[in-house]
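Please read the structure below before turning to the comments.
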Amino acid sequence: MNIKKLISAVLVPVMLFTGCNGGNEDAQTADADPAEVVSAVLAEVPISSAVEKGTNDVETYYVDVDIAELDSAAFSLCGSGALPDEIAVLKFKTADAAKAAEAGLQSKLDSRIEVFTDYTPDEMYKLDTAKVYSTGNYAVYIALSDNDRAKAIVDEKLKG
C-alpha cells in the first residue's frame, strides 16, 4: 500500500468522525440560545440604556422578517431611541428561513441609516460598519460601537 492510500485510509474516517465538513460553515453551527449570545456581546460591547427583547417582540421591531419560521430570538437596543445601537440574534427552524431573514434585517438597517444620517451623524459609524448576515439557522443584526468585536463574539457562540 502506498503512502497516499494509507493517509487517505486514515484521514477520511477521522474527518468524518470529527465533523470536518469541507468548508460548509452552516454544518458546524451550534445550537445556541439567542439570549445567551446577545448577553455575551453586551458584556463586552454594551448599549447605553439597553432594553432587552425576545421572540414575542420580533414582529414589532423587524417587520420584514417571517416570524412563522422563527424558533426563538433575543435582541437589545437603545431604549431611548437616541442611538442606533442594536443587536439581534434570530434563530429559525431552517437555514433557508434564516437566509431569507437577511433581507428583512437589511431593510431594517437601511431604514435606520436613513433616520440617523441627519439625526445623529456622529453615531453613523455604527451603521456604516453594521453586520447583517446568517449562519446556519441564525440571522444576525449588529449595529454597535464595535461591530467587528461583536461579530467575533456572535460567531464564536454560534460555531460552538
Side-chain angles (χ1 to χ4, degrees), residues 18-21 23-67 69-117 119-160:
T18 60
C20 181
N21 63 16
N24 181 356
E25 293 180 26
D26 294 346
Q28 290 185 354
T29 302
D31 186 22
D33 176 8
E36 290 176 11
V37 176
V38 169
S39 291
V41 170
L42 294 178
E44 290 191 42
V45 188
I47 295 176
S48 179
S49 305
V51 174
E52 295 184 24
K53 302 286 185 177
T55 307
N56 294 334
D57 302 305
V58 170
E59 189 171 23
T60 303
Y61 288 88
Y62 304 100
V63 295
D64 293 326
V65 171
D66 182 8
I67 62 164
E69 291 297 315
L70 188 65
D71 183 43
S72 59
F75 58 102
S76 186
L77 54 129
C78 176
S80 71
L83 302 174
D85 299 54
E86 187 170 352
I87 178 168
V89 178
L90 311 176
K91 182 179 179 185
F92 289 87
K93 296 173 186 171
T94 66
D96 288 341
K99 186 71 174 162
E102 277 185 68
L105 295 178
Q106 185 62 51
S107 175
K108 167 81 175 206
L109 176 59
D110 294 343
S111 70
R112 302 289 281 172
I113 289 170
E114 189 175 311
V115 168
F116 281 93
T117 296
Y119 180 64
T120 54
D122 292 343
E123 295 289 313
M124 284 303 295
Y125 74 96
K126 296 172 183 175
L127 297 172
D128 290 339
T129 61
K131 312 292 184 197
V132 173
Y133 65 103
S134 65
T135 180
N137 289 12
Y138 297 86
V140 180
Y141 176 101
I142 302 170
L144 298 170
S145 61
D146 188 347
N147 291 324
D148 290 335
R149 179 64 190 134
K151 183 180 185 305
I153 295 166
V154 170
D155 290 347
E156 179 183 312
K157 295 292 182 184
L158 295 184
K159 299 296 182 201

Could you tell me whether E36 and K157 have a side-chain N and a carboxylate O separated by less than 4.0 Å? no
Picking from V89, V140, V58, what satisfies side-chain contact (heavy atoms from CB on, under 4.5 Å) with F75? V58
Between E86 and K126, is the closest basic N to carboxylate O distance under 4.0 Å? no
Expected output: side-chain N137 to main-chain K91 donor-acceptor under 3.5 Å: no
Donor-acceptor contact below 3.5 Å, side chain T55 vs main chain A73: yes
Does D148 come within less than 4.0 Å of K131, counting only side-chain N to carboxylate O? yes
For the atom pair OG (S134) and CG (L158), what is the distance rounded to the nearest 0.5 Å? 11.0 Å
Interatomic spacing from OG in S111 to CG in D64 - rounded to 0.5 Å: 8.5 Å
For A32, is there any backbone N or O sitting under 3.5 Å from a side-chain donor or acceptor partner on Y138? yes
Distance (rounded to the nearest 0.5 Å) between I67 CD1 and L90 CG: 11.5 Å
More than 12 non-hydrogen atoms from neighbouring residues, nucleotides or ligands closer than 6.0 Å to NZ on K108, yes or no? yes
Which pair of heavy atoms, one from A150 and one from V45, lies closest together, and at what distance? N-CG2, 4.3 Å
Taking all non-hydrogen atoms of both residues, which atom of F92 and which atom of A101 are closest, and how far apart? CZ-CB, 3.4 Å
Salt bridge flag under 4.0 Å for residues K93 and D71: no
d(L109 CG, E102 CD) to nearest 0.5 Å is 12.0 Å
Closest heavy-atom pair, A82 versus Y119, reported as atoms and distance to 0.1 Å, is O-CE2, 3.6 Å
Would you say T135 and K159 are linked by a side-chain donor-acceptor pair, where the criterion is simply a distance under 3.5 Å? yes
Report the distance from atom CG of L144 to atom OG1 of T129, rounding to the nearest 0.5 Å. 9.0 Å
Nearest heavy-atom neighbours spanning S48 and L83: CB-CD1, 4.0 Å
Under 3.5 Å, is there a donor-acceptor pair between the E52 and S76 side chains? no
Please confirm whether the backbone N or O of G54 pairs with a side-chain atom of D57, one donor and one acceptor, at under 3.5 Å? yes
Trace of the side-chain contact (heavy atoms from CB on, under 4.5 Å) decision for E123 with D85: CA-CA 9 Å; E123 295 289 313; D85 299 54; 4.0 Å; yes
Determine, stepwise, if the pair Y141 / Y133 fulfils ring-ring contact (aromatic ring centres under 6.0 Å, His included). CA-CA 7 Å; Y141 176 101; Y133 65 103; over 10 Å; no
Kindly say whether D122 contributes a backbone atom to a donor-acceptor pair with the side chain of T120 at under 3.5 angstrom? no
Does OH in Y125 sit with more than 12 non-hydrogen atoms of other residues, nucleotides or ligands closer than 6.0 Å? yes
Judged by atom type as modelled, is there a donor-acceptor pair below 3.5 Å linking the side chain of T117 to the main-chain atoms of I113? yes
